[in-house]
Structures are given as C-alpha cells and as structure tokens.
Number of protein chains: 2
Amino acid sequence: MPVTIRDVARASGVHISTVSRTFSAPHLVNPETRVRVLACAEDLGYRPNRAARALITGRTHNIGLIIADIANPFFPPLIKAAESQARHRDYHVFVADTNEDAAAEEELVHALAKQVDGVLLCSPRMSNSLIEQLSREVPLVVVNRQLAGLPCVLMDVGQGARSAIEHLARLGHREMALLGGPRGSWTSREIRRAANAAARTAGADLTVIGPNPPTEAGGLAQAEQVRRAGVTAVLAYNDLMAIGLLEGLDALGVGVPQEISVVGVDDISLSRLTRPKLTTVATPTAAAGRTAVDMLLQQETDVPRTARGGGATVAVGVRRTTAQVMLQTELVIRDSTGPGPYAGRERPGAAAAGPGPHRRADPGNPIVAAGDVVAS
Amino acid sequence: MPVTIRDVARASGVHISTVSRTFSAPHLVNPETRVRVLACAEDLGYRPNRAARALITGRTHNIGLIIADIANPFFPPLIKAAESQARHRDYHVFVADTNEDAAAEEELVHALAKQVDGVLLCSPRMSNSLIEQLSREVPLVVVNRQLAGLPCVLMDVGQGARSAIEHLARLGHREMALLGGPRGSWTSREIRRAANAAARTAGADLTVIGPNPPTEAGGLAQAEQVRRAGVTAVLAYNDLMAIGLLEGLDALGVGVPQEISVVGVDDISLSRLTRPKLTTVATPTAAAGRTAVDMLLQQETDVPRTARGGGATVAVGVRRTTAQVMLQTELVIRDSTGPGPYAGRERPGAAAAGPGPHRRADPGNPIVAAGDVVAS
DNA sequence: GATCTATCTGCAAACCTTTGCATTGAAGTA
DNA sequence: TACTTCAATGCAAAGGTTTGCAGATAGATC
C-alpha cells in the first residue's frame, strides 16, 4: 500500500537511484527526467521514507526536546522558539514530557536517541553522571543545568535572585523566606545559593522552606508555613509557586503586599494576570530555546556523523568545543512587593518601590563563556 | 562508534539473529545463551535501533500528537493523559505544535507519517478534505472535530454551551454575547450553533463577536466591543479568552459579575485563580487524551500493517470500523456569573445562583456512538 | 540402534533509501 | 579520426534489524 521509491522508478521508467537523486541531488539529473519523475511521484503520492533515509545518511533532521513538565507555562515559549528556529534550519522538533520524573527522562532519551539528531534536555532532574553517560549515546544540549564538558544554555537566575533580594531589602524587609524548588534542580540550587549570599550581604535573615514541587499546588501548600515563619517577604522558586502562595495567603486573609511581599521567577504570562500582579524575575525562555537549537545544530556540523565511514575507530581525546551560554535575567517590579517594616529606616536610600528596572523585550544577546574541552 | 547487533553477536559468539531473538522473542533462545548475550549487550551498551526495527516490522511504537497551541493550558492535561496511556501500552508520544497554522499541520503530519504508527490530530485547523487525504497516509484519530469515516474524539461542547446559556437565562440575563473562537474550529461552530439555539429557546438575544484568536489577547481585545454591545452576559469560546475579557473589563472599570457576567469553556486550572473565579464549562480533556490513544492503538491491532506481505494489493472497500466518541461536559458555576437585570422577574423559578451543578472528577465514561464505515 | 521430536541456532532475504563507482553516449579538442 | 571531458544514468553495496526456513543437536520412544 505505501508507495516507495521503487514504484516511482517503475512508473517513470528510470532506476531507483535516479529517483533518489531527483529528490536529494536534483542538479545531478537531467531536467527532462526530473520533471517526469516528479510528476510520477506527485501522481502516486510518493514521499521519501525518512526512517529509511536516516538509516543510511545518519541524519534524521529531527530534534528531540525533553521537558520536565509541559503544564508549566514556563516552557511553551521555549518550545515554540525552538520549533521556529528548527523549522528555519529544516528540522522538526519532537517534544516529550517527563512529569518531573528522572527515570522517565532516561527512558525518553533512549527512545529518542536513534530517531533524532540530537536532544535538548530542559531542566533535567536526573544525575549529572547519567546525563554525561547519555551524552555518549546522542548529542545533547542541556538547558537550565551546568555540566562541565557539555554544551549548556543557562539563565542567570543567580543574578535574578540577587536582584530580588536586594529589591526586597531596599523596600525595608529583613525577615525573608525562600520557597525552594524541586530536588535535583540546578536552578533551585543556584537561586538558593545566590539568595543566601545576597541576604547575608543585605543584613537580612533568609529562611529556606522546601524542597517543594514547582507547581501552584506546591506554593499553595506552604502558605500556612510561610505565615508561621513570621517573614514579611518571600522569594519563590518560580511564578507558579508564587501564584499558589498568593492564593494561599489570600485564603488565610494575609494581605499582599501589605503584610507579605511575594516575588516569583520566570515572568510567565500569567503573572501579569494575578491580583496583585506579580513582581518576578524575567527569564529569557525564548532566547534559550533558540540558542539551544543553534548549539545543537552547530555541534552537528562540527562533528559529522560517520555514516559510511565504518572502518577506523575515532581516536580518543578528540578536541571538541563545547560552549556554555549564560543568558541574562531581569527583575520586573509589579504589585506584589511593597514597603516592609524597616522602610525608610536605618538604610539610607531605601525608598518605597520607585520606578525600578523594566523588562526588556527578550534580551537575546547572551553573555557567552566558551571553552575548549577534551572529550573522553 | 554506535554499537550494533553485530557487535553483540561477535562478542557473544552467536549469530545476529540469535541476538535479535534475545530481545524480541526471548522464549526462542536457550536461557544460557540468553544471559550471555544480555551480558554482552549490557557490557557494550547496546540498544536496538528503533528506526531499523521499524523499517522491517512496520511498527515504530511511537505516536504523534499534533496540537494547535501548546501555550494553551487546555492541552497539557490532554497531552499528559495521552502520554501516560501510551506508556502503559509501551508506546512513546511525540508532541508537535502548529501555532494554529493549517499549513504547519499538514507539514507535520507528513514529517511524522513514517516515524510513528499513528497521529492524534487535536483541534485541527485544516480542511476536512485535507484531513481525509492525510488519513490515507497514516492512521489518524481526530480530537475536537467531527469527520465522517474517521475515528473522532469529541467533547459535547454543544451541551455545554446550552447549559451555560440556560444558566445565564435563569439568572435573569436577556442580552448576551458570544465571543467566537478561531476560524476553522469545529468546536467554535458547535458552540455557536448550540448557543444560538439555546438563546432562542430562552427568549434571549445573542450577539456573536468574532471570530477571534483563542487566546487571552483575543479576549482582551474585545472588551471594549463587549461593553458597547450593551449585553449583560458573555459566553466565551474558551477560558483563555474569558480571562482576557475579565482583564479587559476590569481595565474599563466594568464590574464582573455585577454589570456583566462571564462564562468560559474548558475549566483550565487557571480559571480557579482569577478574581472573580470563572464560571465555565468543564471539558474532559484527560479522558479525551486517553480515549484517543486507545482508539488509535485499537485501530492498529484491527488493521495490522502488511510488513512482509508485499504481493497482493489490498482489496478496495475493506470494511473498517470507525468509532466516534462523545465525551460529556459539565457547567461549573463559580463567581463570574451573577443575577441579571431580569432576575426574579417574569420567568418563574429564576432565582439567583443557587447551589448549581458541580464538577465531577473527570467523567471519563463516554457516550459512544460507533458505526461501520466503508473505507475508500 | 533407528527414528522421531523438540529445541535451539544459523542463513539469507527483506525493509527503503543513499551513494561511490562504472558505464554510456554525446560533445569538444587536437 | 582518435582522443579527452563531461553529463546522465545504472549498478550494487550498505545501513541495522526481523523472520521464514532449514540445519543441527540432543533427548525420547520403540
């Protein structure tokens, strides 16, 4: 039933290799023949079998995109940017969701390995060593996690957390809490590290609550805990949790930002819709998606697959350049943060929320830190 | 570099066919041999090449899932349900997003065709005839669109729209508006049809505004228009638009539900977070995802691929059973609807929002309408 | 001891392409 | 005319796997 290259060859009276070339190397075939073949192909509804083609060329023109949780609105912009970038380069993106499950991640990488030319691993939850091991099976680009020797796209959440804490300190907050993210998240560790340091510098106390599932429910569940902690400001691992917290505090009758200020991370579109509107650290998700695709495809052209090669084994210690890209974040001040108990006191220059920094439209220009790494 | 079945065969001193059987038909190989082969495979890190396997078996154990817009929170529950159901059946799901673009849809079906065993087409925007044509290339299950001769999973949005209009009429509204969805959407047409009929029955006027992009921005953009229409109640094509409208009305200083009542469709999780909380028609998205996967896999076992068969062409007029499943929807009354200008007047029994129907946890039990269809 | 069975394994074709090399024929050059 | 050059096409191997068939070995039966 499915029409193959052979059918087209028979119909147009040429050899299958000519049909093949009509599609993959048109300049090698006589224009007259070409039109005839194309007509027959069109007639029969022939489409080259990509799997068979991949088997011999070693190129599928597909990219795998593994995501911790599609339901998290943080990811769609990244996905869409990756898809659009890939499309421009004549690639397709297949997305898969792991439900924040490390085992599912590994499973998916294996499943994708031979069906794609590379995999974008977003916010992985598995261990570094496993990632390294998998990277030997299929080209990998890691997003939101730093790994020596592997190409990574990072967002400077550390800087973001620092800005957030400084913003809160300037507003006169001293007792703060950090609503931590999920276990195994590099981003969560970065935020905690930076927030701790910034709090110390600002002379503020920071209570860490967590780890928590990075969802609205995760934030909601800790509202009581937050109130009991006696803090006047909270930085949440992401907007979803911040929004859940907003809800929880509202249910408890706690005023935001009158009694407690809340800051999120990500600047998902939803954060503009809550009441109060959420102050948050904007992360350049779209730029991350684009960059990740570029890095993957770059890697592909650097190290062409040995499709036909066969014979010689690749020498150990091949020099491979792996870049690590760090994208900038930015604090967006909205309505969920307000003056704290120490506003205007002691710390000169600590005014109420002034006309703070503003969100630039998708920064896009990375601070690049590239390095040569000797592959194993 | 990539280790193949041949390497394992060499290492364990057996023929490649034995290695193959060790994985795909273990009972046919001597236990001793099996453990030896498995040990070697483990040692070398061998994983069967799924593409090559698919080439000969005709089965990829992959399912394609084409989605109009991943950023729409309506879809993630459907995606996750489909993934989980597929996983139970030892299948993987690859998701692709089309940005509501009909051309991208077609393109993606072609790209996926030979790499998956079937495609789930969710809320397609392309024409019926094109869908039918594509269904000859790869098994298709259509979600959110009714097509004779193809397996479909539908949600009874007509019934939902009717309930919504009746609810509004009972509350004493007479002048209503419908915020239409995107062009090419079956769901949008269904809602309009049912809403019109229900409004007529209830003696209410219904102004249709649209078509609109099914996004928050789409709803926001029509807020002014809604106010000018002089209506006291609005039914929106989906929650996203309803939420945008809520925002827009708020900006215009129009009270919801005091001045205008708003109803959405979908019951996305966000609709519980807005202020006021959104009254909406809950659609069984998770059940739809599960059902669609089941129907696709059912179809697969009904019509096994002629992997080796070759010779005989399939007879024209093969009898194929295609089921159409209709899933129930349910009105969830929250805070965005309230009494209208005619509350308590004229229509007996029209009280203020009473303890209305409540959301059941994922109905899941479909009303099935199956039929035999003669395939072309 | 001969025959039969069951169990295990090997052989080779098949799936659908791509591609290096060989072949053909025509056009261009000396 | 004899030669080279070039464009267009065919040939056949290769890619990694599955699977029908046949061969081999061992044990069971008479």
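Order of the sequence lines sets the chain letters (A, B, ...), proteins ahead of strands, with each chain counted from 1. For clarity, every value in this text was computed on a predicted model and none was experimentally measured.
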Checklist entry - What does A:Tyr46 touch in the nucleic acid at a heavy-atom separation under 4.0 angstrom: a base, only the sugar-phosphate, or nothing? => result sugar-phosphate
Checklist entry - Looking only at side-chain N and O atoms, does B:Thr33 come under 4.0 Å of OP1 or OP2 in C:dT9? => result yes
Item to check | Distance-only donor-acceptor test, B:Arg21 side-chain atoms vs C:dG10 base atoms, 3.5 Å | outcome: yes
Item to check | Residue pair B:Arg87 / A:Asp97: nearest heavy atoms and the distance that separates them | outcome: NH2-O, 4.3 Å
Please list, one pair per line, the donor and acceptor atoms closer than 3.5 Å that link side chains of residues 123-132 of chain A to other protein atoms, with sequence neighbours excluded.
| residue | atom | partner | partner atom | Å |
| --- | --- | --- | --- | --- |
| A:Ser123 | OG | A:Asn144 | ND2 | 3.1 |
| A:Arg125 | NE | A:Glu100 | OE1 | 2.6 |
| A:Arg125 | NH1 | A:Ser123 | O | 3.3 |
| A:Arg125 | NH2 | A:Glu100 | OE1 | 3.0 |
| A:Arg125 | NH2 | A:Glu100 | OE2 | 3.4 |
| A:Ser127 | OG | A:Ser129 | OG | 3.3 |
| A:Ser127 | OG | A:Leu130 | N | 3.2 |
| A:Asn128 | OD1 | A:Arg145 | NE | 2.9 |
| A:Asn128 | OD1 | A:Arg145 | NH2 | 3.0 |

Checklist entry - Of the nucleotides C:dT19, D:dT9, C:dC8, which has the atom closest to the A:Ser17 side chain? => result C:dT19
Next on the checklist: Just the rounded figure in Å: distance from P of D:dG16 to CZ of B:Arg6.
Outcome noted: 7 Å
Checklist entry - With a non-hydrogen cut-off below 4.0 angstrom, is A:Arg50 in contact with a base, only sugar-phosphate, or nothing? => result nothing
Checklist entry - Roughly, in whole Å, what's the span from CG in A:Asn30 to C1' in D:dT9? => result 10 Å
Checklist entry - Distance check: side-chain N/O of A:Ser20 vs OP1/OP2 of C:dT18, anything under 4.0 Å? => result yes
Checklist outcome for this item: Nearest-nucleotide check on DNA chain D, A:Arg36 vs B:Val19; residue mapping nearer the 5' end is A:Arg36
Item to check | Residue whose nearest DNA chain C nucleotide is more 5′ - B:Val29 or B:Ala52 | outcome: B:Val29
Next on the checklist: For A:Thr18, run the side chain to side chain contact (heavy atoms under 4.5 Å, CB included) check against A:Val29, A:Ile5, A:Val8 and tell me which one passes.
Outcome noted: A:Val29
